[in-house]
Amino acid sequence: MNRHAFVDRILLAAARAASWPRGQYFRDGHEAASFAEHRAAISVELPELRGDAVHELRARTRVGELDCAVRVLQRSASAPLLVWHHGGGEIPFERTIARALAAGTPLSATVVAVRAPHHRSLADLAAGVATLERYVALLAVAVELTERLLRAPEFADAERSAVAGFSLGGFVTNRHHLAYDSADAYLPFMAGTTQAAIFLGSYPAARSARQRPDALRGALDFAEEWRGRTHANVFPVLGRFDQLNLPAIHRAAYGDCACEIWQTGHITGANASASIRAFLARHLLAHATRPRAGASR
């Protein structure tokens, strides 16, 4: 077996064992309102983003108030703005992007990391993924926070913008593209448009949820909407040996969108810090720009 795939399978098996039974996804509920309904219900306000502290926030949602946070990891006046989303269960939430920023020459960009709800601790995560409803609310909060960051007055002088993320963060990136398409570039790593495939196969949800595959697909997949749109500003990365977000599934669902394929798995892809940094730099420094929807330039 390829070493990248082997690492994925060992660590995924360990994660499943550690989470069973009280950390299983959707163990207490597998019905959810649509993503659009969840997004419409979000109310969250940004504070003035000073310094590099973690700014703790509370978002009002269909399932009540949820915690979330943002952190400005670095600032560069008039440089591109990058909004970054972490992977599922990534605690601390800025680990992958912080390593990427440190891997090589400084990245000339303002970088803001978003912490999705239920990612303060593993116990917090286990409680947050108990129902599909809360999980869809998590996704909606991350998307809405992204739009507020792109429109924030602190970043009004950014010469271009990009939204990026790994795994869970990649799905958030793609959902923001469909909901708003207000960034110049979208850079999803190890993700796609058919998120339910994870919970029905490679990282199975609770049995009761897997017995309702249509409910999972209805809440988590957006491949049909994706096929009806154009995606010239979306630049996905997939791992050839990824055992969580299987490239055969996600590459097909991207349709005509050009994907870059790395010779990594899921875990080794997350640890490919220099490659992540180089990919971000390449697209952040691209000369082509376009006005943000609803924003003045």
Side-chain angles (χ1 to χ4, degrees), residues 1-30 32 54 63 66-69 84-100 113-139 141-142 165-172 189-192 194-213 215-216 219-220 239 241-247 249-250 264-273 276:
M1 181 187 297
N2 177 278
R3 70 176 181 88
H4 300 283
F6 179 76
V7 169
D8 277 0
R9 292 190 180 186
I10 291 297
L11 292 182
L12 288 173
R16 287 194 295 269
S19 66
W20 191 90
R22 291 309 302 166
Q24 284 191 309
Y25 280 67
F26 322 140
R27 61 193 180 274
D28 296 333
H30 42 70
V54 174
V63 297
L66 297 182
D67 66 279
C68 51
W84 175 268
H85 294 276
H86 58 79
E90 184 177 341
I91 300 167
F93 69 99
E94 64 271 75
R95 179 177 55 204
T96 298
I97 185 60
R99 289 176 176 174
V114 173
R115 191 187 77 207
H118 304 301
H119 279 78
R120 291 176 301 181
S121 67
L122 290 177
D124 182 33
L125 180 65
V129 302
T131 68
L132 182 60
E133 191 85 270
R134 293 184 73 84
Y135 190 78
V136 178
L138 174 159
L139 296 168
V141 168
F166 190 90
S167 194
L168 168 66
F171 287 102
V172 170
F189 293 83
M190 315 304 172
T194 53
Q195 194 174 6
I198 301 169
F199 303 110
L200 293 171
S202 53
Y203 195 88
R207 179 180 296 180
S208 59
R210 285 182 281 128
Q211 290 173 339
R212 295 290 307 279
L216 295 189
L220 298 176
F241 309 108
D242 192 332
Q243 301 297 294
L244 180 67
N245 291 324
L246 302 176
I249 294 174
H250 297 292
T264 70
H266 199 79
I267 304 302
T268 55
N271 289 324
S273 300
I276 293 173

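FYI, side chains are in, hydrogens and waters are out, and symmetry mates aren't considered; it's all heavy atoms of this structure.
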Undergrad: My understanding is that only residues two or more places apart in sequence, or in another chain, count here; which of them pass side-chain contact (heavy atoms from CB on, under 4.5 Å) with Ala137?
TA: His38, Thr61, Val63, Leu66
Undergrad: Report yes or no: does Arg134 contribute a side-chain atom to a donor-acceptor pair with the main-chain N or O of Val129 at less than 3.5 Å?
TA: no
Undergrad: Which residues pass the side-chain hydrogen bond (donor to acceptor under 3.5 Å, both in side chains) test with His85, not counting sequence neighbours?
TA: Thr146
Undergrad: Looking only at heavy atoms, what is the nearest atom pair of Ala126 and Gly23, with distance?
TA: CB-CA, 4.1 Å
Undergrad: Do Met190 and Thr264 have side-chain heavy atoms sitting under 4.5 Å apart?
TA: yes
Undergrad: Applying ring pair (Phe, Tyr, Trp, His ring centres under 6.0 Å), can you list everything that pairs with His118, at least two apart in sequence or on another chain?
TA: none
Undergrad: Tell me the closest heavy-atom pair linking Ala191 and Ser167, and the distance in Å.
TA: CB-O, 3.5 Å
Undergrad: Between Asn2, Ile267, Leu12, which is the residue that forms a side chain to side chain contact (heavy atoms under 4.5 Å, CB included) with Gln243?
TA: Leu12
Undergrad: Any side-chain heavy atom of His86 within less than 4.5 Å of one from Ile97?
TA: no
Undergrad: Kindly write out the residues that satisfy ring pair (Phe, Tyr, Trp, His ring centres under 6.0 Å) with Tyr135, not counting sequence neighbours, or none if the list is empty.
TA: Tyr25, Phe26, Phe199
Undergrad: With sequence neighbours left out, write down each residue that passes side-chain hydrogen bond (donor to acceptor under 3.5 Å, both in side chains) with Asp8, or none if nothing qualifies.
TA: none
Undergrad: Out of Phe241, Phe6, Phe166, which residue meets the ring-ring contact (aromatic ring centres under 6.0 Å, His included) rule with His266?
TA: Phe166
Undergrad: Would you give the length of the straight line joining atom CG of Leu125 to atom CZ of Arg120, rounded to the nearest 0.5 angstrom?
TA: 11.5 Å
Undergrad: Check Ser208 against His30 and note the closest heavy-atom contact, atom names and distance.
TA: O-CD2, 3.4 Å
Undergrad: What residues, two or more places apart in sequence or in another chain, satisfy side-chain hydrogen bond (donor to acceptor under 3.5 Å, both in side chains) together with Thr268?
TA: His4
Undergrad: Looking at Ala270 and Ile276, what are the two nearest heavy atoms and their distance?
TA: O-CD1, 3.9 Å
Undergrad: State, yes or no, whether a side-chain contact exists between Ile198 and Gln195 at a heavy-atom distance under 4.5 Å.
TA: yes
Undergrad: Taking the side chain as everything from C-beta on, heavy atoms only, tell me whether Thr194 gets closer than 4.5 Å to His250.
TA: yes
Undergrad: How close do Ala196 and Leu220 get, heavy atom to heavy atom, and via which atoms?
TA: N-CB, 3.9 Å
Undergrad: Looking only at non-hydrogen atoms, find the nearest pair between Gly239 and Pro247 and report the distance.
TA: O-CG, 3.3 Å
Undergrad: Give a yes or no on whether the backbone of His119 and the side-chain of Asp124 come within a donor-acceptor separation of less than 3.5 Å.
TA: yes
